[in-house]
2 protein chains.
Amino acid sequence: MSMTIKEIAKLAGVSQATVSKIINNYDDVGAKTKERVLAIMKEHGYRPSYAAQSLAKKVTRVIGVIYAGKINANFNHPFFVEVVSAFKKAMGLEGYDLLFFSNEQFHQEDEDYLARCQHYRVDGCIVIGGEEVEPSVYDVDKSDIPCIGVDIRLSGPKSAYIMTDNLQIGTLAAEQFYMNGSRRLGFIGGGSASHISNERLEGFQQTARSYRLEMRKEWTVQGDFFEESGFEAMKELLQNDELPNAVFAVSDLMAIGAMRAVKESERVRIEEMAVIGCDDIIAARHVEPPLTTVRQDKEKIGRMAAYMLNDMIHGRIEGTGVKLDPELIVRSSCGSKRRYVT
Amino acid sequence: MSMTIKEIAKLAGVSQATVSKIINNYDDVGAKTKERVLAIMKEHGYRPSYAAQSLAKKVTRVIGVIYAGKINANFNHPFFVEVVSAFKKAMGLEGYDLLFFSNEQFHQEDEDYLARCQHYRVDGCIVIGGEEVEPSVYDVDKSDIPCIGVDIRLSGPKSAYIMTDNLQIGTLAAEQFYMNGSRRLGFIGGGSASHISNERLEGFQQTARSYRLEMRKEWTVQGDFFEESGFEAMKELLQNDELPNAVFAVSDLMAIGAMRAVKESERVRIEEMAVIGCDDIIAARHVEPPLTTVRQDKEKIGRMAAYMLNDMIHGRIEGTGVKLDPELIVRSSCGSKRRYVT
DNA sequence: CGATAGAACGAAAGCGGTTTCGAATACAAA
DNA sequence: TTTGTATTCGAAACCGCTTTCGTTCTATCG
């Protein structure tokens with residue numbers, strides 16, 4: 001077992017209080033005493049108990065990380081990996097560690113994540129993705145711990161959110177199809193319960209309409225943001241008598257799966273089906289053909305989430321919502337050099 | 001602020017002890033009392049303080065996650081993402097949450113990760129990758145907290161490690177090159193200080209030698225496991241007067257970068273350069289040409305790491321080392337259908 | 001009816017720290 | 001020498017919860 005502060009104190013012939021002051025850099029400790037105690041601490045590899053400290057100080061220096069919803073948030077989804085990675089780095093600079101809650105036995109018991117956050121008394125928390133249409137269990141408003149949502153709209157005085165502007169995402173995709181000469185547009189969504197997917201669809205539809213591009217409802221199918229679902233979705237799409245000549249998938253993973261389905265089908269060649277994805281994950285540029293995609297600045301999202309959360313923790317800002325601009329990355333899966341038959 | 005157990009006790013007209021017993025499911029509290037207290041707790045959204053609990057109980061139910069070394073361990077490296085994801089899931093099933101330590105301000109202060117683990121009094125910890133040749137700072141042996149290393153050999157009574165058999169990895173790659181008809185072999189490593197990279201090289205060399213395949217030392221270059229370094233490494237390789245006709249990179253990311261370099265060069269076409277990677281990350285099958293790779297079972301590594309750690313925590317096993325078998329996945333970047341000129 | 005064994009509950013001593021505030025000591029100025 | 005002012009230190013209360021152990025109360029039995 002680890003040593004306690006009391007033992008160190010005894011060893012050094014001083015009081016607990018003095019040792020504690022040394023740990024916390026108080027300035028009312030003599031230089032020689034300090035040195036001596038420090039030496040003893042080092043010699044015995046003493047580390048103060050975090051639990052005891054945070055109990056006494058009422059501060060944890062820990063941020064809770066919550067993967068919300070069943071829809072699309074996931075520890076190993078490339079989009080979130082990048083976001084969380086940037087978030088982790090930025091929070092680390094501020095001295096925070098990250099606590100990832102297990103969600104495996106979550107649904108057994110009727111406790112929600114926020115309860116876990118309260119339980120741990122984390123200084124703040126980040127909720128990752130998964131906004132669903134039905135009212136969510138994340139009753140953030142009642143909580144008084146600072147919370148930032150990524151791809152999920154959290155409201156309340158101590159909560160904020162950040163996401164890419166989803167309407168714009170849809171718009172950019174549709175515009176590119178127009179420029180590319182595609183006239184018949186399909187859509188692969190992330191589930192009809194997913195808010196962000198629906199908003200992208202909305203932007204996509206609006207723009208398609210204004211350019212007089214054709215969209216049929218049988219050309220709109222839903223997946224779950226992951227690759228396999230994109231593959232299945234495209235297979236389903238290819239069942240139709242008449243086909244679109246372009247498809248926008250709301251995630252690169254699904255777009256990649258969709259392209260695979262096209263390649264495997266004998267009905268249509270990949271050159272005849274323009275594809276646009278969303279996110280610009282690393283794999284996007286490596287697939288064949290390289291994937292045109294609506295890029296989200298994952299690094300920035302993570303970093304800003306950290307800044308905003310940090311500000312909220314220190315009472316510097318009130319809860320707000322931020323939307324970032326997406327950026328179209330044109331590659332040959334829907335390059336402007338190619339022309340498609342209308 | 002959250003309520004305390006004392007307030008709940010007062011509200012319910014019972015003692016602290018009774019409330020605590022209810023929280024911890026003791027069986028010496030009356031049914032009616034229990035019900036009443038439970039109702040009050042729910043009504044006020046009471047959650048016991050984790051810090052206070054773990055201080056009193058001396059148990060944390062938290063596992064520390066450490067990304068070790070500067071070489072290759074990284075939060076967003078696809079290999080580790082998969083491993084940690086599986087680990088997280090398995091530990092979650094056991095009721096553990098994961099604490100990710102920030103390493104951003106780590107090197108400023110002279111404290112090592114294990115100290116952080118001790119500080120938090122985590123029940124166990126997992127150290128991810130980054131084994132280096134020089135003696136590491138992870139003085140695990142001195143620590144008494146259960147530790148499992150992934151891709152890093154931890155020793156000591158309370159520590160174990162798990163990794164894929166690196167010699168075999170090298171062997172499989174070389175054998176495939178032989179079967180494929182490649183006779184001149186290049187190698188892209190993960191840094192000469194990386195143990196796992198060096199072992200793969202060793203297996204590769206041994207097998208190459210036994211098949212009498214040619215390896216020149218100028219055909220062996222070092223990267224850092226990430227894509228850009230593979231790109232640079234291949235560019236460097238291509239400077240040579242004479243070239244290999246096959247290259248084994250110790251990570252898929254580097255292999256992908258290397259293929260990109262080949263494609264961009266006018267000196268040699270991608271069809272003339274067989275490439276094998278390692279890991280079998282998701283992108284491997286999607287690049288063009290699809291990447292032949294030595295697969296590591298990332299899911300299994302993560303899962304087994306969890307089991308082993310769990311066993312160690314409960315004193316069921318002593319520290320050991322486990323090596324898993326790799327598996328060759330043949331795709332067209334080095335498929336057996338193609339033949340290379342010797 | 002008294003004795004007795006459970007059942008139900010509470011007092012109090014930790015767990016390992018922090019922090020306030022007063023005491024003791026040192027040193028400078030008067 | 002006396003007084004005043006820093007400087008250095010420690011006693012003790014507290015943070016919120018767990019757990020032991022003893023006490024009280026109730027129900028059952030001879």
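Quick note on labels: first sequence line is chain A, next is B, and so on, each numbered from 1. Note that this is a predicted model, so its numbers are computed, not measured.
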N or O in side chain of [X] less than 4.0 angstrom from [N] OP1/OP2:
X       : N      : value
B/Arg36 : C/dC9  : no
A/Gln53 : C/dG16 : no
B/Lys58 : C/dG14 : no

Sugar-phosphate, base or nothing in reach of A/Val14, heavy atoms under 4.0 Å: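 Here A/Val14 touches the backbone only, sparing every base.
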Sugar-phosphate only, base, or nothing, as touched by A/Thr33 at under 4.0 Å among non-hydrogen atoms: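 Sugar-phosphate contact only - A/Thr33 comes under 4.0 Å of backbone atoms but never of a base.
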Separation of atom [atom1] in [X] from atom [atom2] in [N], rounded to whole Å:
X       : N      : atom1 : atom2 : value
A/Leu55 : C/dG14 : CG    : P     : 17 Å
A/Ile8  : C/dG17 : CD1   : P     : 9 Å
A/Lys34 : D/dT8  : NZ    : P     : 11 Å
B/Ile22 : C/dA8  : CD1   : P     : 12 Å
B/Lys10 : D/dG16 : NZ    : C1'   : 14 Å
B/Met3  : D/dC17 : CE    : P     : 10 Å
A/Asn25 : C/dT19 : CG    : P     : 12 Å
B/Tyr50 : D/dT18 : OH    : P     : 13 Å

Residues which pass ring-ring contact (aromatic ring centres under 6.0 Å, His included) with B/Phe100, listed by chain and number, not counting sequence neighbours: A/Phe100, B/Phe75
ring-ring contact (aromatic ring centres under 6.0 Å, His included) involving A/Tyr50 - partner list, sequence neighbours excluded: B/His119, B/Tyr120
Residue met sooner reading DNA chain C from 5', once A/Thr4 and B/Asp27 are mapped to nucleotides: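 Its nearest nucleotide lies further toward 5', so the answer is B/Asp27.
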Under the salt bridge (charged side-chain N to carboxylate O under 4.0 Å, His left out) rule, collect the residues that match up with [X], sequence neighbours excluded.
X        : result
B/Arg153 : B/Glu131, B/Glu199
B/Arg303 : B/Glu299
B/Asp28  : B/Lys21
A/Asp297 : none

Does a side-chain heavy-atom distance below 4.5 Å link [X] with [Y]?
X        : Y        : value
B/Tyr161 : B/Lys323 : yes
A/Ser2   : B/Gln118 : yes
B/Val59  : B/Asp123 : yes

Distance-only criterion, 3.5 Å: show the donor-acceptor pairs between side-chain atoms of residues 10-17 of chain B and protein atoms not counting sequence neighbours.
unit_1  : atom_1 : unit_2  : atom_2 : d
B/Ser15 : OG     : B/Ala17 : N      : 3.3
B/Ser15 : OG     : B/Thr18 : N      : 3.2
B/Ser15 : OG     : B/Thr18 : OG1    : 3.2

Along DNA chain D (nearest heavy atom to each residue), the more 5'-positioned of B/Tyr46 and A/Ser15: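 Result: A/Ser15.
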Under 4.0 Å protein heavy-atom contact, by nucleotide of nucleotides 19-26 of chain D - B base, S sugar-phosphate only: B-------
End axis versus end axis in the helix from C/dC1-D/dG30 to C/dA30-D/dT1, the angle rounded to 10°, five pairs used at each terminus: 50°
